[in-house]
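Down below is the structure, laid out as structure tokens.
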Amino acid sequence: KSGINAEYGQDVDSRRRSDREYGSGQFPEKRNYTPDVKIVYTDNIGRELNSKEAFRQLSHKFHGKGSGKMKTEKRMKKTNEQLALKKMESDDTPLGSAALFREKQKDANSAYIVLSGGNRIPTDVNKHINHISKR
């Protein structure tokens, strides 16, 4: 397709070259610009997907099929566990026992907790606490 274009009266290749040169010369400050693009995929509840999960979702949508019942339940269980971990305090257990221990510690005004023996504090500990508070 190289040759003279009758409409423009110039070489077609040089015309294309000048168009490219004009486009890049139009914004000289953008010459070394490299955009930083990050594509983030999310599921229907707003959770961010990794590449494997995103591809699976895309593939299921494209082919019009989905996972089986067992896989779907397994995936839902996994996401529910992840959400529960996020909601839970970082230093606590799923039952919230660490928070209860801290509360008991404050109530007893003690630096430690006796884990056996029910809700009562041994008598020698009470004597020690009373002795310290009298000072």
Side-chain angles (χ1 to χ4, degrees):
K1 282 196 163 187
S2 65
I4 304 286
N5 186 344
E7 185 179 334
Y8 295 109
Q10 64 183 8
D11 189 21
V12 175
D13 289 336
S14 66
R15 171 84 176 159
R16 287 184 188 146
R17 219 175 300 119
S18 68
D19 285 345
R20 279 194 304 265
E21 289 168 2
Y22 176 75
S24 65
Q26 196 171 15
F27 299 103
E29 64 276 1
K30 302 283 184 180
R31 186 165 302 206
N32 294 326
Y33 174 70
T34 53
D36 183 28
V37 178
K38 182 181 178 192
I39 299 174
V40 177
Y41 293 98
T42 57
D43 62 359
N44 53 1
I45 60 173
R47 195 176 57 87
E48 198 171 305
L49 302 175
N50 62 23
S51 59
K52 183 178 179 181
E53 293 167 335
F55 178 79
R56 183 185 298 119
Q57 188 181 45
L58 180 80
S59 177
H60 288 321
K61 191 180 287 187
F62 177 79
H63 292 288
K65 298 184 182 236
S67 298
K69 180 182 174 186
M70 294 298 285
K71 281 286 185 185
T72 306
E73 287 176 0
K74 186 177 179 182
R75 200 171 302 117
M76 286 302 294
K77 182 180 175 186
K78 184 179 175 183
T79 56
N80 288 339
E81 286 176 2
Q82 287 176 347
L83 289 174
L85 281 173
K86 277 188 178 179
K87 288 180 183 177
M88 186 175 61
E89 288 185 38
S90 62
D91 64 339
D92 208 348
T93 61
L95 299 174
S97 57
L100 291 173
F101 287 152
R102 273 190 241 112
E103 189 177 317
K104 288 276 190 190
Q105 214 171 1
K106 283 183 183 177
D107 291 344
N109 198 16
S110 174
Y112 59 91
I113 299 172
V114 179
L115 296 177
S116 61
N119 290 334
R120 59 188 170 85
I121 298 175
T123 56
D124 60 326
V125 174
N126 278 332
K127 289 178 187 175
H128 182 68
I129 291 173
N130 290 334
H131 180 68
I132 292 173
S133 62
K134 289 179 183 177
R135 287 185 188 173

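Start at 1 with the first residue, then count along the sequence.
- Counting only residues at least two apart or on different chains, the salt bridge (charged side-chain N to carboxylate O under 4.0 Å, His left out) pairs with a member in residues 42-59 are D43-R47, R47-E53.
- With sequence neighbours left out, the side-chain hydrogen bond (donor to acceptor under 3.5 Å, both in side chains) criterion links T79 to no other residue.
- When hydrophobic side chains of Ile, Leu, Val, Met, Phe, Trp and Tyr are connected at separations under 4.5 Å, L49 ends up clustered with V37, I39, Y41.
- To the nearest 0.5 Å, the span separating CD on Q57 from NZ on K61 amounts to 5.5 Å.
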For residues 63-73, which side-chain donor-acceptor pairs fall under 3.5 Å, sequence neighbours excluded?
| unit_1 | atom_1 | unit_2 | atom_2 | d |
| --- | --- | --- | --- | --- |
| S67 | OG | H60 | NE2 | 3.2 |
| S67 | OG | R75 | NH2 | 3.3 |
| T72 | OG1 | G68 | O | 2.7 |

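- The cationic group of K104 does not satisfy the cation-pi geometry with F101, failing either the under 6.0 Å distance to the six-membered ring centre or the 45° limit from the ring axis.
- Taking CZ of F55 as the start and CZ of F62 as the end, the distance is 10.5 Å to the nearest 0.5 Å.
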